[in-house]
Every structure is written in C-alpha cells, then in structure tokens.
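Since the structure comes first, as structure tokens, the remarks are kept for the end.
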Amino acid sequence: MILQTQNQSLRPLTTAHLAQTMSLMGLTAAELQQKIEAALASNPALEVVEKRSCPICHRPLADAAACPMCSRPPGLETTEPIVYVSSREDFYTPKGTSFSDDHPGIDLAPEVEDLPTYLLRQIAPELSLEDRPIAALILTSLDEDGLLRIPLAEIARFHHVLISRVESVQRLIQRCDPLGAGSTSPQQALLVQVELLAESRPVPSLTARAIQEGMDLLSRHLYFELGRLLGIPTSRAREIAQFISENLNPYPARAHWGDVHASATPSQDTYHIPDIIISHLNERPDGPLVVEVISPLAGQLRVNPLFRESLQQAPSEKTEQWQADLEQASLLVKCIQQRNHTIVRLMQRLVMIQRQFILNGDAYLEPCTRASLADELGVHESTISRAVSAKAVQLPNGRIVPLSKLFDRSLHIRTALRELISQEGKPFTDTQLAEMLHQQGYPIARRTVAKYRAMEGILPAHLRSQRHHLAAQPR
DNA sequence: CTATGGCACGGATT
DNA sequence: AATCCGTGCCATAG
C-alpha cells in the first residue's frame, strides 16, 4: 500500500489514530504485513487494488502521475534522494546478502542479532525439507559463541537419522557467514575456516595439522613444542600461530571480545531482509540515490468504494456493523498512510545527512541523533525511535545494516581508530592512540579508546606486538 | 611502574 | 522511566 499523501489526510488526529500509528511505526515490514492481512481478512470494507508498474523500468508505481525512477532525467546531479514507498515483491532476494570477502584488517561483525535466524536464512535455499528439523535443532542449540554445545549424536538420535546426515547439515551451516558456526569445538571451527580460506588465499602449510594435533600447544603459545611436533622450525610454528590469530576465530559468533554483557540474541530481530533499500538510479554509480521503503503489500490498500456506496442500502440490522467496519478500515488506511509518510520524510532527511556514509562507508558517518532528526521533522522523538528500531537498510554496496547504524555516534571514530592501528608499526598504547585521535579532532578519553578497541575486536597493544619483531627464541 | 580491564557513576539519548 | 555511553578510579597483570 502506498500512498502519496503529503498534505491531505492529515486531518483529525484522534487518539485512536495516534495510538495505532505509533504501534504501526515500530513494526517491520514482515510484521506489518501480518497485521494488514489480518485486517484484510476480517474487514470487508478493505481492499487491495493492483498497482501498476512503470513501463520503462518496471518498478512499481506509487502514483499514476509519475514514475519516480524514470520521470527524472538520468544522470541528474542532485544530492537530494528520491524516496518512495515501494511494494516490490522480489525484495526477498536482495542482491549481495553474502559477505564474500573480508578486508585484510578487521571486518565489521554483523550487529547483535538473532544468530540462528541469520544462519537459517543463508542455508534455507540449500536445505531439503527433511533436513529442516535437523538444521533447526542445531541452530537453536548454538551458544553465544556460535558453537554447538550438544554432541551431534544427540541430534541424530533425536531425529532418528544417521549421524552423517546431521554432519552434512552441520557442514552447510559451518560454511555460512560467521564462518565455522555450528562447529562442536573451537578447534573444529578453526579447521573449517582454514579449509574455506585456503580456497581464496594462501594458507601456511601444516596449519590444519597444527590445529588438529597441536591445539593445546597453540593455545598455550608453546611454539617450540609445536614446531617439534610438526617437524618444522619454531619460526614456522610461530608463523602459523600468527596466521591463525590474525585470520581465524575459534568462536565464530564472538565479535566483542571484552564484552561479557554480550547478551546478544534475546532479540528476535531479523536483520536480513531489508525494510529499506538504497540504490543508485538505474544502477549507475553516478546517479542520484533512490530509496525504496519496502511495503509488504503488492498493491495499494484502500477502503473499498463499493462498500461505502452499498452502505446506503444496507439492511437496517447490519448497518451498524457495516458502519463500524468502514470506520475501522479507513482508520487503518489512514494510519498506514501516516506511517509511510513519516518514514519517507525520515529517510529523505536521513539519506541527505548520511549521504557520504552511504556512498563512501563507515568513516564518513555523520554523528546525528534521533532527537535532532525528530526536531527537524517536527515529530516526537519516540516516533523516530520506533521507526528506526528493528529495521534494516540495504546500502548501494549490497550490505544490509540495521537502520540504527546511521545513528551510531562513535562509528567514525572507531573507524579512524582502526585506521591508525592498521598502519601502526610498533603497536600503539591506548594512551598514545587517545593522544593521536585527539589531534585528529576526536576528543576521546583513554578509557574510551580501550572500549572502542574491544568493540572492534582489536587486541591490546602488548598482544598485538609479537606481530613483527621476534628476536630470541627459547632453545 | 605502566597498560588494561572492571565497576560504577552521571549525563545524554531513546 | 529505562538505556546507553563516555569516563574516572582502582585493582590487577606483566
């Protein structure tokens, strides 16, 4: 359902209206869809009318008058984004949901979210129907680290299938984004990561064996012993250890190291179907930005005009009921219009503010608060809060991030921090880093640097050290 | 003694 | 009113 409703339709703001609009605001596209479907089924006064698509670009058209995509001359230079509510039906297969490569440094871990759902989404296409329950059991048995607590045999027994079946499902899961998730041990997780990594980049030889046979030595940093075990010089063993610590993660889902309070997962958020898609007009990198706010329905929701007419001739005993239906229907429609209108305005403004971030990445995130936006738009802050929470947005580069990321107050500083550390020779101490950031115009306390480091999963200075210089060796 | 992580306390945000 | 976030202080590891 779409609308286009700028000016009209903002009339009587009854309390019911307000209340419903607010509750609508916090819903994701999927939840909203359910709600609408329910209303549609129970209320005869509502109907969905087909929406037409633009003959040129095939995008759904909100309004007959103009296609937001094509009505503008291509290549038009503008910083003003085109924002509209879309009812694309194909949004379930967004492009680039996969995180193909991670950068040499540290890649951003996905926001705190429901790991099982996230994984399920990735494997769903390859999963046969019979294997679904198995996958479900595995996924729900993961711990905070993304590891499988219970033995595979348990799962096999529970579903009365061969262990090998379970193993193949597990394999599928392990190859998903938090690489190695679903492994039964940190060791196994590492092995899977090595295996997959080896497909795309060089991996020191014997790494796998080192993990397999010398796990305890590795974790205790006994490189000399490890070298002897594998029949290689200590220096080689050290290289392997270094490679592992730099590229692998024994706890696939553990993104924040210092954060014990990582109560990560109570939320049922499914951040992996976007609620909003930002792209370039006609895929041209120089084109203006287009923001599609995904609508759950493939048509426009409205009050059935026929129903309204027939109200006149309603049998007298029904007329009251019908009247009520009609009112409720128009209330719902109105609320949804209101909701969409607000979201469109919000995105319009937000995309303008965060244009650089959207185009160029994390470092360009402009700090901005929900409150300030609310002020600009003349709506209550809580409205923005609701609108922003539990929604995900797909950026032109294909990444899907929570909408709330656009309100992250420290992301740009954290990015600067990563930058500094990635270019450091000798590891900088937190105090030094704080100092340097200060010079760059980020007045950050030393303690805060430490926290940001933790957020980014960067080790403290003394652990980063043994990266380059290693002189003496225990003999 | 120095570099860090933990706890906890305002102040800002939601 | 409930949370989140940046910080200061203090204990601890190296």
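Keep in mind that the numbers below use all heavy atoms, side chains included, and drop hydrogens, waters and symmetry copies. In what follows, every chain begins at residue 1, and chains take the letters A, B, ... in the order their sequences are listed.
- Taking CD1 of A:I240 as the reference point, atom CZ of A:R238 lies at 12.5 Å (rounded to 0.5 Å).
- Nearest-nucleotide mapping onto DNA chain B: of A:T431 and A:K451, the residue sitting toward the 5' end is A:T431.
- Ion pairing of A:E456 with A:R418 is present here, as a side-chain N (NZ or NE/NH1/NH2) and a carboxylate O approach within less than 4.0 Å.
- Remark: A:I444 CD1 to A:L417 CG distance equals 9.5 Å, nearest 0.5 Å.
- Once you apply a 4.0 Å limit to the heavy atoms of chain A, the touched nucleotides of DNA chain C run 5' to 3' over C:dC5 to C:dC9.
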Run the numbers on A:R414 and A:D362 for salt bridge (charged side-chain N to carboxylate O under 4.0 Å, His left out), then give the verdict. CA-CA 9 Å; A:R414 296 208 302 274; A:D362 289 357; over 6 Å; no

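- The nearest heavy atom of DNA chain C to A:Y452 and to A:R446 marks one nucleotide each, and the one closer to the 5' end goes with A:Y452.
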Decide yes or no on salt bridge (charged side-chain N to carboxylate O under 4.0 Å, His left out) for A:E195 and A:R175, but give the supporting numbers first. CA-CA 10 Å; A:E195 188 185 327; A:R175 297 176 150 258; 3.4 Å; yes

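- One can place CG of A:L459 at 11 Å from P of B:dT4, the figure rounded to the nearest angstrom.
- The backbone N or O of A:A387 lies less than 3.5 Å from a partner atom in the side chain of A:K391, making a donor-acceptor pair.
- Shown here is A:F243, whose CZ atom has more than 12 heavy atoms of other residues, nucleotides or ligands within 6.0 Å.
- Between A:M455 atom CE and B:dG5 atom C1' the separation is 14 Å, expressed in whole Å.
- Here the two rings, on A:F357 and A:H412, have centers that are 6.0 Å apart or farther.
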Every protein N/O lying under 3.5 Å from an N/O of nucleotides 12-14 of chain B:
unit_1: B:dT14; atom_1: OP1; unit_2: A:R370; atom_2: NH1; d: 3.1
unit_1: B:dT14; atom_1: OP2; unit_2: A:R370; atom_2: N; d: 3.4
unit_1: B:dT14; atom_1: OP2; unit_2: A:A371; atom_2: N; d: 3.3
unit_1: B:dT14; atom_1: O3'; unit_2: A:S385; atom_2: OG; d: 3.1

